[in-house]
Amino acid sequence: MAGYTENELAKDLADKEYQYGFISEIDSDVVPPGLNEQVIHLISAKKNEPAWLLDYRLKAFEVWKTMTEPEWAHVAYQKPDFQAISYYAAPKQTKKFESWDDVDPEMKETMAKLGISLEEQQRLTGVAVDFVMDSVSVGTSFKAKLAELGIIFCSFSEAVQEHPALVQQYLGTVVPITDNFYAALNSAVFSDGSFCYIPKGVRCPMELSTYFRINAGGTGQFERTLVIADESSYVSYLEGCTAPQRDENQLHAAVVELIALNNAEIKYSTVQNWYPGDKEGKGGVFNFVTKRGLCEAHAKISWTQVETGSAVTWKYPSCILKGDYSVGEFFSVAVTNNYQQADTGTKMIHLGKHTKSTIISKGISAGHSQNSYRGLVQIHKQADHARNFSQCDSLLMGSVSGAHTFPYIECKNASAQIEHEATTSKIGEDQLFYCQQRGISEEKAISLIVNGYCKEVLNQLPMEFAVEAQKLLSISLEGSVG
Amino acid sequence: MSGTLIDFCKQLEPTALKLPAALLQAARDGVEFQHHFPTTREEPWKYTRLGRVAALKLTPVNINQSAERLPASDTIDIIFEHETWHCAEPTAGLHIDFSGDLDASAWNACTLQGHVQHINALSAQGGVAIRVDANTTLIKPIRIIHRLQGEHTGLILHHQLVLGNHASAQVEVFFEGTSEDSYANVLFDFFIGAGANLHADMLQQTKGTHYGFHTQRIYQQKDSTFALQTLTANTHFTRNEVEVFSQEEGTHTQLYGAFIGRENNHIDNHTYVHHKAPNCTSDENYKGVLADKATGVFNGKVKVYQDAQKINAYQSNKNILLSDSASINAKPELEIYADDVKCSHGSTTGQLDQHALFFLRARGISETKATDMLIKGFMAEIVGAVKSIHIQEALHALLD
């Protein structure tokens with residue numbers, strides 16, 4: 001019998017190489033390592049920023065200096081030396097591209113390797129892409145077409161130059177500089193990112209997409225994303241991440257702020273595939289990200305994430321349900337392998353009446369990895385008739401991996417209804433037997449079960465991303481998914 | 001001599017409990033190191049404030065032992081009242097001792113976790129040591145009653161129950177009486193031998209502004225079973241810490257709990273099940289009903305160690321809030337390092353089912369009565385698991 005056992009699957013997982021581990025030979029303009037006020041002045045000057053933004057950065061830096069790194073997460077790692085990181089690395093070619101033919105061929109190749117050839121995407125998929133390499137946004141496609149509808153989709157630095165009023169109004173309103181250690185750090189040194197504004201009543205006709213890549217060595221990536229959906233608008237936003245294979249740990253500390261005004265809807269999907277480190281747990285990206293959305297009345301924010309990369313993940317996309325009848329959703333698949341550690345989950349803060357939230361979290365841990373769900377559901381006193389449903393499942397592969405669940409449920413209103421359930425188990429022998437009995441090979445059966453296990457979340461991804469997520473899962477769980 | 005709890009720890013001579021030096025030092029370091037009470041910034045105390053407890057002015061309770069035996073009844077009674085222990089005649093195979101001379105070998109297995117246990121280790125004034133010989137099945141339950149009284153009293157006790165291999169026993173523990181601005185820290189160590197079986201029911205229903213801290217540590221050996229029902233009714237401040245160490249294969253643990261809070265009551269239940277050995281099961285079920293401005297906390301944790309395969313652990317926590325000023329903080333946790341396990345937990349919070357209420361009211365039952373009936377039904381699962389007739393009666397009186 002051509003047996004494909006769970007042990008073999010676990011072994012396959014362990015042996016799988018990271019296929020995005022190439023380094024692009026592109027000259028970068030790197031600021032020397034270290035963090036001080038001068039560096040912040042330098043970053044700000046390089047980007048030709050207005051005075052208020054420099055003040056914002058300096059204030060954040062002051063706050064950051066008084067903070068200590070959070071230690072409550074269920075992860076263990078060598079803390080990064082914040083003075084050994086370069087806080088700005090841009091591909092040298094910084095002139096704006098008018099046509100895609102002008103782009104550095106090396107960089108084009110990088111994009112092609114990532115499977116996000118901009119031309120192809122423009123033509124075939126109609127997805128507008130903003131590509132952020134190291135710290136600087138390289139190009140945004142489909143800009144003109146979006147502009148017709150009044151949609152602003154550009155790099156963050158461009159937005160600072162061209163739409164300073166909007167940026168100033170919303171920057172830091174959802175994630176204030178005092179929020180946490182990494183958010184403060186990001187606020188001080190963020191170099192670029194994406195900015196998106198959907199005007200009143202506009203339904204964005206295409207998926208907006210950002211691709212992040214850390215390329216230069218010894219750098220950190222600190223991008224900032226700000227998405228504003230004005231009243232009764234809709235946008236679906238995609239985000240993808242990769243990094244080259246390096247022995248050292250790279251730091252990624254991003255901040256994403258979403259603002260959904262009355263009746264607006266934002267769908268934010270992430271496929272995160274930062275380099276997870278090698279089989280011995282050497283290298284890999286530290287992914288310390290703060291993502292949060294604010295919902296006004298009748299608004300909806302939906303987070304979907306597929307997390308397969310990073311050596312250490314510390315990420316809690318959250319919703320503040322401020323307006324009455326607002327809705328928050330969180331769908332997550334987190335796969336950890338080898339020595340990866342993930343502590344991820346969400347926060348649903350119910351402030352408004354009749355607010356609803358749904359949390360579906362699926363963890364898969366293989367190898368020596370540790371995978372934790374940490375979530376908070378908070379019902380405030382005035383949040384009458386709030387409703388929450390949470391489900392956190394963990395699948396264990398391999399006897400030395402760990403799966404943990406830390407849900408916090410805080411309820412101060414009697415009319416709230418909260419349900420939470422969690423299960424942890426391995427692939428059931430009975431399920432495998434059931435499939436095999438019907439002539440399905442063990443390998444296929446495992447694939448079937450894992451696929452079914454994640455389906456609830458994968459179904460939430462937009463078409464373009466669902467395909468990629470499936471691909472990623474099949475890389476992470478080779479031979480079993482797809 | 002009187003003072004705050006910290007003075008208490010400093011002034012009292014280390015107890016007659018013959019704590020191993022290492023543990024004593026650990027406790028001293030714990031209290032010394034903190035020099036203060038844990039704040040809400042510390043994870044185990046995130047939802048429970050200790051400011052009032054820290055400010056309490058306390059006088060230690062003198063503890064005497066009555067030479068007279070209590071009359072025989074349907075239970076073997078051990079009663080603490082008016083600063084005195086009273087005890088009934090033990091039956092064959094049962095040994096009850098008040099000298100504080102606890103089983104030293106059992107001590108070595110102990111660990112000290114956190115503030116409540118540190119305070120207890122440093123300043124326990126005594127306790128009851130109960131031993132049940134191997135292969136003994138006690139017919140009568142052991143009933144331990146703590147009748148609290150007075151003001152500004154500080155009562156710190158460390159009890160121990162050692163159940164020999166293949167022995168079987170039932171224990172009922174009561175905390176009752178009225179006491180103002182007082183503190184009690186009562187710790188129970190249960191050592192359950194191989195194949196032994198212990199069923200324990202505990203009812204906490206002290207009145208007055210009493211601050212009660214209760215710790216149950218359970219050490220289970222091969223193939224033993226243990227069931228604990230913790231019932232807390234309308235107490236001003238209660239913190240329960242239950243810690244189970246499943247040390248060998250084949251154990252079964254059942255932890256059930258019910259808490260009812262009114263007015264400004266604060267009831268905090270912490271449970272921690274350590275599955276260190278394979279092929280074990282645990283079943284946890286806590287239910288809470290909170291009215292007025294009462295606050296409740298449930299924090300249950302199940303940890304499955306790396307080599308503890310084939311564990312089946314279940315945890316459920318359901319809460320009902322009867323008023324908008326009441327609040328509940330629940331945190332059911334799983335920490336799992338073995339792969340061949342089945343662990344699950346569920347937690348719900350809500351109000352009484354409006355349809356059920358309407359159904360009853362449509363049949364001419366008053367709102368109060370209907371509410372009482374629904375709460376009784378909600379609690380039935382837990383109350384039904386209680387074996388102690390005395391506690392059953394007390395609960396029925398309370399819920400009716």
Side-chain angles (χ1 to χ4, degrees), chain A residues 6-7 10 71-72 74 363 365-366 368 370-429, chain B residues 41-43 46-47 288 290-293 295-354:
Chain A
E6 215 174 312
N7 291 339
E71 284 179 351
W72 40 261
H74 195 82
S365 26
H368 290 80
Q370 301 293 333
N371 199 333
S372 310
Y373 166 82
R374 185 183 302 275
L376 168 71
V377 174
Q378 196 173 53
I379 313 284
H380 281 248
K381 207 169 170 155
Q382 69 277 21
D384 292 336
H385 306 289
R387 184 82 176 84
N388 162 266
F389 174 77
S390 312
Q391 188 187 338
C392 323
D393 296 331
S394 306
L395 197 62
L396 287 153
M397 291 182 176
S399 55
V400 284
S401 59
H404 320 295
T405 319
F406 308 100
Y408 293 71
I409 302 158
E410 301 177 9
C411 180
K412 290 195 164 58
N413 188 301
S415 61
Q417 207 178 333
I418 308 169
E419 289 164 58
H420 172 92
E421 57 183 43
T423 60
T424 304
S425 59
K426 65 175 197 171
I427 293 178
E429 309 253 325
Chain B
R41 292 183 71 84
E42 283 158 65
E43 194 62 27
K46 192 170 161 71
Y47 302 114
L290 299 165
D292 305 329
K293 286 184 176 171
T295 47
V297 179
F298 173 78
N299 186 345
K301 186 165 185 172
V302 175
K303 181 169 178 179
V304 179
Y305 291 70
Q306 202 172 93
D307 296 319
Q309 301 289 2
K310 309 267 180 208
I311 297 293
N312 212 333
Y314 179 72
Q315 192 187 69
S316 162
N317 166 237
K318 292 183 176 149
N319 309 299
I320 287 182
L321 296 183
L322 294 176
S323 123
D324 271 354
S325 305
S327 69
I328 177 81
N329 296 301
K331 192 178 153 207
E333 292 175 80
L334 291 174
E335 205 175 323
I336 292 160
Y337 297 93
D339 67 330
D340 191 4
V341 298
K342 270 193 183 138
C343 296
S344 57
H345 67 216
S347 175
T348 61
T349 297
Q351 53 187 337
L352 286 176
D353 184 352
Q354 296 304 313

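Keep in mind the model is a prediction, meaning the values are calculated, not measured.
For B:Ser347, the parts sitting under 4.5 Å from any heavy atom of chain A are the backbone and the side chain alike. For a residue to count as touching a neighbouring chain, one of its non-hydrogen atoms must lie under 4.5 Å from one of that chain's; by this rule B:Leu322 touches chain A with the backbone only.
A donor-acceptor pair is defined here as one N or O able to donate and one able to accept, closer than 3.5 Å; such a pair exists between the side chain of B:Asp324 and the backbone of A:Ala414. For A:His420 (side chain) and B:Gly346 (main-chain N/O), no donor-acceptor pair under 3.5 Å exists by modelled atom type.
Interface summary for chain A: among B:Ile328, B:Asn299, B:Ile336, B:Val302, the most heavy-atom pairs under 4.5 angstrom belong to B:Ile336. Put simply, of A:Ala403, A:Ala416, A:Gly402, the one with the most heavy-atom pairs under 4.5 Å next to chain B is A:Ala403. Comparing B:Cys343, B:Gly350, B:Ser344 by heavy-atom pairs within less than 4.5 Å of chain A, the highest count is held by B:Cys343. Note on B:Thr348, B:Leu290, B:Leu334: by heavy-atom pairs under 4.5 Å with chain A, the leading option is B:Leu334. Options A:Thr405, A:Asn413, A:Leu395 differ in how many heavy-atom pairs under 4.5 Å they form with chain B, and the most are formed by A:Thr405.
Among residues 372-384 of chain A, the residues having any heavy atom closer than 4.5 Å to a heavy atom of chain B are, in sequence order, A:Lys381, A:Asp384. By a heavy-atom distance cut of under 4.5 Å, B:Leu321 are the residues of residues 312-321 of chain B near chain A, going up by number.
Between B:Val341 and A:Leu396 there is a side-chain heavy-atom pair separated by less than 4.5 Å.
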